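Worksheet: the structure to be examined is printed underneath.
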Amino acid sequence: MASICILDEFDVHKNEEFLRIAEELKPELHETEIAPVSLLTLEHNGHPEPVVVSREDPDTLKDRKLKKDDTVILDFGTHHVGYVTLELTSAGSHQDAPAYLYLKFAERLDELTVNTSEYNGWISKGWIQEEHIHVDVLPARLELPRRYAFRYLEIKVLDVSLKFSVVIKNVSGKAVSAVDDRDVQFIETEDELLKQIDQVSARTLKNCMQLVFEDGPKRDRRMWLGDFRLQARADYKTFRNVSLVKRCLYLFGGLTFNEGKIPACLFLEPEVEPDDTYLFDYALLYGSVLLDYYRVTGDKKTLEDLYPVAIRQIEIGLTYLNEDGIIPDRSGEFWCFVDWGEGLNTQAASLAILIYSMRYGIRLAEYMNDEKTIRWLSNKMEELKRTAVEHFWDEKQQLFVSGKERQVSWATQVWMILARVFSKEKNRELILHTIEVNPRIRMVTPYMYHHYIDALIRSDEKERALDEMKRYWGEMIHDGADTFWEVYNPYNKYESPYGSVAVNSFCHAWSCTPTYFLRKFYIPGNR
Ligand code: RAM
């Protein structure tokens, strides 16, 4: 676990005008009725991956008189984000004790087999979507107040009495999202797997699009800047809800702290507030979100409002350079994210991301006709590219290294390629060499895989990028994904940055970008 960086000082600056603009853009959520499509019987015999042994019509539920320890598992057909209502009644003698129920909502079937009382992860157990409910009087209509992210619902009767049973007369729900399925057309291709990848990507994005671009509707249910950047890219190619992107840009721009830093994430309730977490890379990438937005919309007013915030992130980033012109190594801290890989050294990647963000800064400055900033950033960027090679390029290995231990990781190579420290041809050699060497410090999140695919495409390895996309995201589909996951390490399918997969998110924003790649680079005619 990376140690969480708690700031000594946290002085929030709210830009009321920006926050007012964001508030005006708050979306009305679309509501869609949902209902279970089948009742499942599972077998798992202690194995983490249960097997569905039978499916029944959910209408048969109302005929069951449930006693202590009886369990039903409902399948809602695919992943949804929304609210659920249970209509309950009793059978037998008068209800002479509370009906005591246990409910568990799961994004994947595997979550149902996790014994949550044994949870020992380092983030809150509160993220596990389970409830213990007493119903004193039956019949009852139980409108559950929480919003859940789920496909499956397990209902277990913890207890009734010897004289009565519980009957579940009906289960209904409403799914919510800022966008509608009708807003998107899926890609047309003969390749079934690509079609599925596209649909699952779009569903992932849709389910994360709520009042802001959430990172995961199960967890953390807030907006992280790094995730938002990728969601916005996927949104332009699918739902095209550019006003939600604009709203989120203004929220981040309107909630800075200390010397003008953008927070790594922000909260909406009880009122909008930045988190007291600074992530070096996320803050720097704000300029890239702004540039993408401006290129898609041509919205000059937003560019003019938020340009100073974006440039400020680069100025702040540059203050971290030490006397050698590199970023000191803070890999033990949650300070520069890059990826969740165990033991990943982020020092070289942090410099690469700074360089990358400067290129975006230059483009922004060009649109703003800000000659002074163009000159300053261009000179500095070239200087940093040279420093990056001097400090981190290992001529013998033909790879970039990072940190005192000279660690070789996939992430470092990918970010150096995206920073364009070398020419395109040399970048191509580098990515091919990386694939051949297959460094032990691998990529574990779709977030990092996104950047790997991007690096392949930018190095003229488009076909290979497509194969890799099919391999990685396709494998998640083979493993049963209705929406793409927060973490997926094909070499360790039970990997979790939190000490337990029970709190991993299985509908996670940063994993939705195949739909962006497919439409931008492969399937002509799709936005
Ligand atoms: C986790 C979430 C989020 C990500 C941060 C860095 O809490 O997965 O999506 O952006 O880490």
Side-chain angles (χ1 to χ4, degrees), residues 1-7 81 107-108 111 121-129 149 201 204-205 207-235 248 251-252 255 261-268 274-286 288-289 313 330-342 344 346 349-350 353 357 411 415 443-451 476 481 483-489 494-513:
M1 165 199 160
S3 70
I4 298 292
C5 211
I6 309 239
L7 300 168
V81 175
E107 299 188 293
R108 299 184 61 217
E111 286 168 88
W122 61 272
I123 61 169
S124 172
K125 188 181 181 171
W127 291 117
I128 299 174
Q129 306 182 105
S201 299
T204 306
L205 177 62
N207 289 356
C208 293
M209 286 173 79
Q210 301 293 331
L211 294 178
V212 291
F213 284 92
E214 290 184 15
D215 66 329
K218 165 181 154 187
R219 207 219 82 245
D220 303 321
R221 301 167 68 136
R222 71 197 62 151
M223 179 163 62
W224 286 83
L225 186 40
D227 304 64
F228 163 47
R229 168 168 160 267
L230 302 192
Q231 286 169 296
R233 287 187 171 173
D235 172 64
C248 298
L251 281 172
F252 275 116
L255 289 169
K261 284 177 172 144
I262 300 189
C265 68
L266 53 84
F267 304 101
L268 290 186
D275 187 19
D276 54 356
T277 303
Y278 172 68
L279 283 179
F280 178 79
D281 47 348
Y282 278 19
L284 285 169
L285 292 171
Y286 181 76
S288 126
V289 195
Q313 303 317 302
R330 297 181 70 163
S331 297
E333 300 166 47
F334 190 57
W335 184 79
C336 180
F337 172 63
V338 184
D339 196 16
W340 274 125
E342 183 75 35
L344 172 68
T346 55
S350 62
I353 295 167
S357 74
W415 273 112
M443 304 170 281
V444 301
T445 59
Y447 175 76
M448 194 55 230
Y449 263 83
H450 166 92
H451 294 103
M476 263 190 264
T483 45
F484 289 125
W485 309 341
E486 174 182 20
V487 176
Y488 187 65
N489 178 357
Y494 293 94
E495 176 138 353
S496 169
Y498 315 110
S500 165
V501 277
V503 288
N504 280 17
S505 153
F506 293 102
C507 173
H508 211 71
W510 63 23
S511 67
C512 70
T513 55

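Because the structure is predicted, anything quoted here is derived from the model rather than measured. Each ligand, and each atom within it, is numbered from 1 in the order the structure gives. Position 1 is the first residue of the sequence, and the numbers go up from there.
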Check the orientation of Tyr447 and Phe337. Use parallel for under 30°, tilted for 30 to 60°, and perpendicular for over 60°. tilted
of all protein heavy atoms, closest to atom 3 (C) of ligand 1 is Asp215 OD2, 3.4 Å
Within the 4.0 Å heavy-atom shell around His508, which atoms of ligand 1 are there? 2 (C), 3 (C), 8 (O), 9 (O)
min-distance protein heavy atom vs atom 6 (C) of ligand 1 -> Tyr282 OH, 3.5 Å
Under a heavy-atom criterion of less than 4.0 Å, does Trp340 contact ligand 1? yes
Near Arg219 (heavy-atom distance under 4.0 Å), the atoms of ligand 1 are 1 (C), 2 (C), 7 (O), 8 (O)
Measure from NZ or CZ of Arg219 to the centre of the six-membered ring of Tyr498, then state whether that distance is under 6.0 Å and the direction lies within 45° of the axis. yes
Answer side chain, backbone, both or neither: which part of Tyr498 comes under 4.0 Å from ligand 1, heavy atoms only. side chain
Strictly distance-based, threshold 3.5 Å: is any side-chain N or O of Asn504 a donor or acceptor partner for the main-chain N or O of Ser496? no
Would Trp510 count as being in polar contact with ligand 1, using the rule that some N or O on each side must be under 3.5 angstrom apart? no
For the pair Glu214 (side chain) and Gln210 (backbone), establish whether a donor and an acceptor sit closer than 3.5 Å, ignoring hydrogens and angles. no
For Glu111 against Arg108, the heavy-atom pair lying closest together: OE2-N, 2.6 Å
Near Asp220 (heavy-atom distance under 4.0 Å), the atoms of ligand 1 are 1 (C), 2 (C), 7 (O)
Near Phe337 (heavy-atom distance under 4.0 Å), the atoms of ligand 1 are 6 (C)
Given side chain to side chain contact (heavy atoms under 4.5 Å, CB included), test Asp227 with His508 step by step and report yes or no. CA-CA 9 Å; Asp227 304 64; His508 211 71; 3.6 Å; yes
From CA spacing to verdict: ring pair (Phe, Tyr, Trp, His ring centres under 6.0 Å), Trp510, His450: CA-CA 8 Å; Trp510 63 23; His450 166 92; over 10 Å; no
Tell me, which protein residue and heavy-atom name are nearest atom 8 (O) of ligand 1, and how many Å apart are they? Glu486 OE2, 2.6 Å
Which is closest to atom 10 (O) of ligand 1 by heavy-atom distance: Asp227, Val487, Ile123? Asp227
